[in-house]
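Lettering follows sequence order; numbering is per chain, from 1.
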Amino acid sequence: MKLTRKDVLGLTDFTVDEITLVLDTAASLREISTRSIKKVPTLRGNTVINLFYEPSTRTRTSFEIAAKRLSADAINISTSTSSVVKGETLIDTAKTLESMNPDIIVIRHACAGAPHILARLLKQSIINAGDGAHEHPTQALLDMFTIREKKGRIKGLSVTLIGDIAHSRVARSNIAGLLKMGARITVCGPAMLIPRGISTLGVKVETDMHRAIKGADVVMMLRMQFERQQRMVFPSIREYAGLYCLNEDNIRLAEKDVLVMHPGPINRGIEISPGIADGPHSSILEQVSNGVAVRMALLYLLTGGRQ
Amino acid sequence: MKLLLTGGRIIDPSQNLDDIADILIENGKISKIEHTISPSVVKGKGAITYNLTGKMIVPGLIDIHTHLREPGFEYKETIRSGAEAAVAGGFTAVACMANTEPVNDNRSVTEFILKEASRAGYARIYPIAALSKNLDGKVLTEFADLKNAGAVGISDDGMPVTDSGLMRSALEYAHSLKIPVISHCEDKGLAQGGVMNEGFVSTELGLSGSPDIAEEIMIVRDIILARFTGTSVHIAHVSTEGSVDAIRTAKSSGIRVTAETAPHYFTLTEEKLRSFSTSLKVYPPLRTHRDLKAIKKGLADGTIDAIASDHAPHSSIEKDVEFDYAATGLIGLETSLGLSLALVEEHTLTMTQLVEKMSVNPARILGIPGGSLRKAFPADVTIIDPEALWTVDTRHFRSKSRNCPFDGMTLRGRACMTIVGGEVKYCTDS
């Protein structure tokens, strides 16, 4: 089976077969990163541009390493050092890059729908590396990959997402993907950070963290995204940590073999205690490793369809 | 100059008229409406006869809510291009909002607009003056002087009047001067800068939402102020079910509130936003299907008095950008009639009701001439070809802007001739 789509904009329009294909391909490519010579010639002659309008460490590095391990040329553009500071529009920047004939453009942007503009205008494949509070499909794919690795399955698992759901693109993509793969989802956070109508998606909503964690197979902690909030909607970080920090006490409510996840960057002591972040349940660093494999799989599948 | 319009179906609610008859226009005024007027009366110099069999003849349409952008934003629209777009859409008169640069908050800007309008010479232009100086919601403008200069209404449209005390003063003062106040209802604290309707779709798209109650709370406030002060208020661009319900209740208890909606609120819903198309970014935002149905019901039962385009031109510079960064508003002068005629085709409104909402009531609300084909009235007449099938093509728009979400849509019915003061200002080839 091949991935026949041109772009990866979100998991909302992915099928179960497509998700499975990406995860299976990632599983077979993961081994490359453990070799002493971590490079295969598969994408030699391909060019991948990472166009990042928002700060990023792990996602941008992950895409760059994924491209390089497949022998593609990877170019990183961060907007603080590009023509964007001279006032160039997104569309003009995109058309300029298109003229240099890359194969794939990876974009991160603070505005929902920005990758969709590129997908509509450019002939290149576009991968959404996070658009505003909308989607972050590669993060959700690597999360699902990690869950499948650690738990052997996704179907039937009870997954709880805790934190700033309203501003989280990680939550939206994970909800879309995990529901398709048969997981049960509970979202939990302060009432004013639970977006309206989210239960219509088919998730359970909780504001009490203890109830949300009870019996969970997977607990995914999300960062408070203070930078995306129009104004401070929660009284204080101290109060937030008191109600929604995953720690050694409340984790006992979850299943014994609970998997603790976090897309990073983590805020120690706010949404997750250091002991949990570094503890035996945590898969935070494995998520990062798996991210490279998942992104290699997507680069391979998107260009492979043409080769 | 004489015009004889023969064989058309004349629909004029102001005189309970819906009949096939001939109209004679002389010296810019309606001179005669009779079942048959002999062509011999127009023999002579400058007399033209139009056979309008199969067409509808209605009092000139009036758009109570537009933005013509001049002075200050001439690259989006000028008074001339807006007035030309107006007649191409069947409007013989439009009211233009005050959020220009400089703001229309003093006599000199009002006079400038009227001067440019008379130079343009297409539709009649009626300036709406700002309610507060520089639209900043703090100090009232000089209503009396502005009215005297030619302003026909008072509004901070685009900006809500947050200070309820200021709004109370504005209603009382405007009432004493017999000039209407038009209210843009939006609670900024609730709207939180939302770029679309708050609900399931905004949750899915990760776009910030402005809830329906941000509109409704302010409408209810204005209704309470109108009741308390015994004045009247006109509510701009009603878009939600709750707003329609509140206005209906207020009207039934005798409060003098009038309201308008815009064609996009009875044609499109928030579901369209999934395309992230910036031409759909508008305030109030496109709502749900339930709201759309309530708007139609409100139009049908008379809760909503008028259909206005809220024509809001923006250039590609403001629209060909990320959705969050895009300017708010869409253009409607050249599609408003076609979209509204769909309400007649689907039997939501009768043709008479449509003419009330696009001509008679706008004239009444603003207290301006028009809205009638009575003898001796100025000959502002719109001729509609109800069967014309046409496809919206923004490349042919008279407006300078292209921010129209209806591009490519096929509509039935359009203006085929627009007569202002007895002069044909627009005429399709056929």
Backbone N or O of [Y] within a donor-acceptor pair of the [X] side chain at under 3.5 Å?
| X | Y | value |
| --- | --- | --- |
| Arg172(A) | Thr203(B) | yes |
| Asp131(A) | Gly113(A) | yes |
| Glu186(B) | Met218(B) | no |

**Asked** With a 4.5 angstrom heavy-atom cut-off, which part of Ile117(A) approaches chain B: side chain, backbone, both or neither?
**Response**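 For Ile117(A), the side chain is the part near chain B, not the backbone.
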
**Prompt:** Does any heavy atom of chain B fall under 4.5 Å from the side chain of Leu201(A), the backbone, both, or neither of them?
**Reply:**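 Both backbone and side chain.
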
Close approach to chain A in [range], criterion heavy atom under 4.5 Å:
| range | answer |
| --- | --- |
| residues 393-401 of chain B | none |
| residues 311-335 of chain B | Asp320(B), Val321(B), Glu322(B), Phe323(B), Asp324(B), Tyr325(B) |
| residues 279-290 of chain B | none |

**Message:** With no hydrogens and no angle check, just 3.5 Å: does a side-chain donor-acceptor pair link Asp222(B) and Ser183(B)?
**Reply:**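 Short answer, yes.
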
**Asked** Hey, are Lys95(A) and Asp92(A) close enough for a salt bridge, meaning a charged N less than 4.0 Å from a carboxylate O?
**Response**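 Result for this pair is no, no salt bridge flagged.
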
**Request:** Among the options Ser275(B), Ser277(B), Gly206(B), pick out the one with the most heavy-atom pairs lying under 4.5 Å from chain A.
**Result:**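 Heavy-atom pair counts peak at Gly206(B).
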
Under 3.5 Å, side-chain donor or acceptor atoms of residues 187-197 of chain A against the rest of the protein: list the pairs with distances, not counting sequence neighbours.
none

